Protein chains: 2
Amino acid sequence: MAVGNPTKSKSSLNASRQCRDPEVTRSQILNAAEEEFAREGFRAARTEAIAARTGVTKAKIYYYIESKEGLYRTVLERCSTELLPAIEQLNLDQLPPEQALEQFLRQFLTHTSSNPNIPPIMFLEAIQNKGKYYRDTANLLIKLVEILERGIAAGSFRPLDPRHTAVNILGTCVFYFGALENIKHLWKGKRLLSKEMLEQHTQEALNFILAGLRWQPTSP
Amino acid sequence: MAVGNPTKSKSSLNASRQCRDPEVTRSQILNAAEEEFAREGFRAARTEAIAARTGVTKAKIYYYIESKEGLYRTVLERCSTELLPAIEQLNLDQLPPEQALEQFLRQFLTHTSSNPNIPPIMFLEAIQNKGKYYRDTANLLIKLVEILERGIAAGSFRPLDPRHTAVNILGTCVFYFGALENIKHLWKGKRLLSKEMLEQHTQEALNFILAGLRWQPTSP
DNA sequence: GTCTATATAAAGATAGAC
DNA sequence: GTCTATCTTTATATAGAC
């Protein structure tokens, strides 16, 4: 196994075929696999389809990978390498809770907007495989719960259940990406992953979440 | 095809085997299929597994159904028969927007709590099949957008984008059910579908959403 | 390293006895 | 109506030529 250099370009479809650089080929396979797994999940994904997306034969795929399962694990790993470290670097513990939460959400939404395959992959992994191959989402949630607990204790946020609220917040952030095909009918003709729409989602989600945590006019 | 009487008991697993009533058998098959499709989606679901869940042979399944695809369509139809009519009956147009929204959400959350297979089925259908077999979720969203538009126009809610907000609201309601296996680690030892936890989710989601729409202390 | 051809296994669906 | 046995298709994975 040991596929891939995640830093290279990610637009995979119809990527320059017949390439001789093995590193590029590995990367192309990984990108195509990510697309396929994001649309089908592990079990329903077909190596044949991954080959077609990459623009090569099935046999060539198997020259580069160990197995479909190994490829899946590699894709999942690559999905989780960037976000958590980036969030750790923000040193959120040292910011006031409101700012910490906003920074967390901005980082998360920006990262997800740049990697819109991640939410469907995680949904499929959770639903189909019950997290057999991946459990890291929990770490994000725990970070979020900590921020909420701190903010509630400090009186910055209303008194709410931090765990349910963390789940509801994450749901607000990622549902958009998981339900693209269900919600697209609300914006006929618009591409939901365009820069414009992603910025709108980020801003609306952020406003909605922060408002949901503030003390209310009627009960201060 | 033409499977099922949706009104009968729904607990399928290990349901009384060797039953001779064809209506009961149909119902058992439908329930088992719903479970299997909710965990795997259409493509990855196996008729073999549905047979095993029902406690019968594959051949018996095929005596009662036309095909795997037909069974899937029937399951999806059954999922959508109850909620929308129930919401129509509430006559939400005639209530003030805040009350209309609260009624809508209570009905939705109650129905989802009683039918926790529906969110994963809809997630899988949207992600894997791009809504090929099902498009009704859009109707719910449209109803929600209408309520929000009315409330914004009346000044009951903050000025927000009604479509993004409808999506964010729905996300808050259903993410819990779609990501069960990702979030369960926050509540070690607790059953996330217990009556207690479902009531907590309903209440927390409701509070969170309504708070997110209200005018804020700093900008009234 | 890449291809064609193929072995092997799994899954949808059916035949035919009872 | 139900079962065992089987057909057919599809999919993972590999052999072997080039």
Side-chain angles (χ1 to χ4, degrees), chain A residues 1-5 14-30 32-33 35-37 39-75 124 128-129 132-133, chain B residues 1-5 14-30 32-37 39-76 124 128-129 132-133:
Chain A
M1 277 302 306
V3 187
N5 180 338
N14 298 325
S16 58
R17 279 120 207 255
Q18 285 299 87
C19 173
R20 292 279 164 174
D21 180 340
E23 276 312 299
V24 172
T25 305
R26 278 179 216 283
S27 178
Q28 285 175 346
I29 292 174
L30 255 186
E35 300 272 344
E36 176 72 4
F37 287 130
R39 278 158 186 74
E40 300 292 345
F42 172 58
R43 197 165 186 295
R46 286 159 304 148
T47 53
E48 177 77 52
I50 294 171
R53 280 179 192 279
T54 316
V56 302
T57 62
K58 241 191 315 180
K60 187 166 172 178
I61 296 277
Y62 275 98
Y63 177 78
Y64 283 90
I65 72 168
E66 167 212 355
S67 67
K68 183 182 164 187
E69 184 179 323
L71 180 57
Y72 183 60
R73 287 184 193 278
T74 308
V75 167
L124 293 170
Q128 295 183 312
N129 308 321
K132 176 180 171 191
Y133 300 105
Chain B
M1 275 303 304
V3 188
N5 181 337
N14 298 328
S16 58
R17 279 119 206 256
Q18 286 298 86
C19 172
R20 292 279 164 174
D21 180 339
E23 277 313 299
V24 172
T25 305
R26 279 178 216 282
S27 178
Q28 286 174 344
I29 291 173
L30 256 186
E34 183 181 300
E35 300 271 346
E36 175 72 3
F37 287 130
R39 279 159 185 74
E40 300 292 344
F42 173 58
R43 198 163 187 295
R46 285 160 303 148
T47 54
E48 179 78 53
I50 294 171
R53 280 179 192 278
T54 316
V56 302
T57 62
K58 238 192 318 181
K60 187 166 173 179
I61 296 276
Y62 275 98
Y63 177 77
Y64 282 90
I65 73 169
E66 168 210 356
S67 65
K68 182 184 166 187
E69 183 177 325
L71 179 58
Y72 182 60
R73 286 183 194 278
T74 308
V75 167
L76 286 183
L124 292 170
Q128 294 183 312
N129 309 320
K132 175 180 172 190
Y133 300 105

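The model shown is predicted, which means the values in this text are computed figures rather than measured ones. Proteins come first, then strands; the chains are lettered A, B, ... in the order of their sequence lines, and each starts at number 1.
Residues B:Ile50 and B:Leu71 are in side-chain contact: their nearest non-hydrogen atoms beyond the backbone lie under 4.5 Å apart.
The side chain of B:Tyr62 places no N or O atom within less than 4.0 Å of a non-bridging phosphate oxygen (OP1 or OP2) of C:dT14.
One interatomic measurement links the two molecules: NZ of B:Lys68 to C1' of C:dA13, which rounds to 12 Å at whole-angstrom precision. The distance between atom NZ of A:Lys60 and atom P of D:dA13, rounded to the nearest whole Å, is 19 Å. Atoms NZ (A:Lys58) and C1' (D:dG16) sit 16 Å apart, rounded to a whole Å. One can place OH of B:Tyr63 at 12 Å from P of D:dC3, the figure rounded to the nearest angstrom.
When each of C:dT2, D:dA11, C:dG12 is scored by its nearest atom to the side-chain atoms of B:Arg43, the top-ranked nucleotide is D:dA11. Comparing D:dT12, C:dA13, C:dT4 by their closest approach to the side chain of A:Ala59 singles out C:dT4. When the nucleotides D:dG1, D:dT4, C:dC3 are ranked by their closest atom to the side chain of B:Pro22, D:dG1 comes out on top. Comparing atom distances between the B:Thr57 side chain and each of C:dG1, D:dA15, D:dC3 picks out D:dC3 as nearest.
Looking at heavy-atom distances under 4.0 Å, A:Ala45 makes contact with sugar-phosphate atoms alone, never a base.
By the side-chain contact (heavy atoms from CB on, under 4.5 Å) test, A:Tyr63 is found to be paired with no residue, residues two or more places apart in sequence or in another chain being considered. Remark: A:Glu40 engages no residue in a salt bridge (Lys or Arg N to Asp or Glu O under 4.0 Å) (not counting sequence neighbours).
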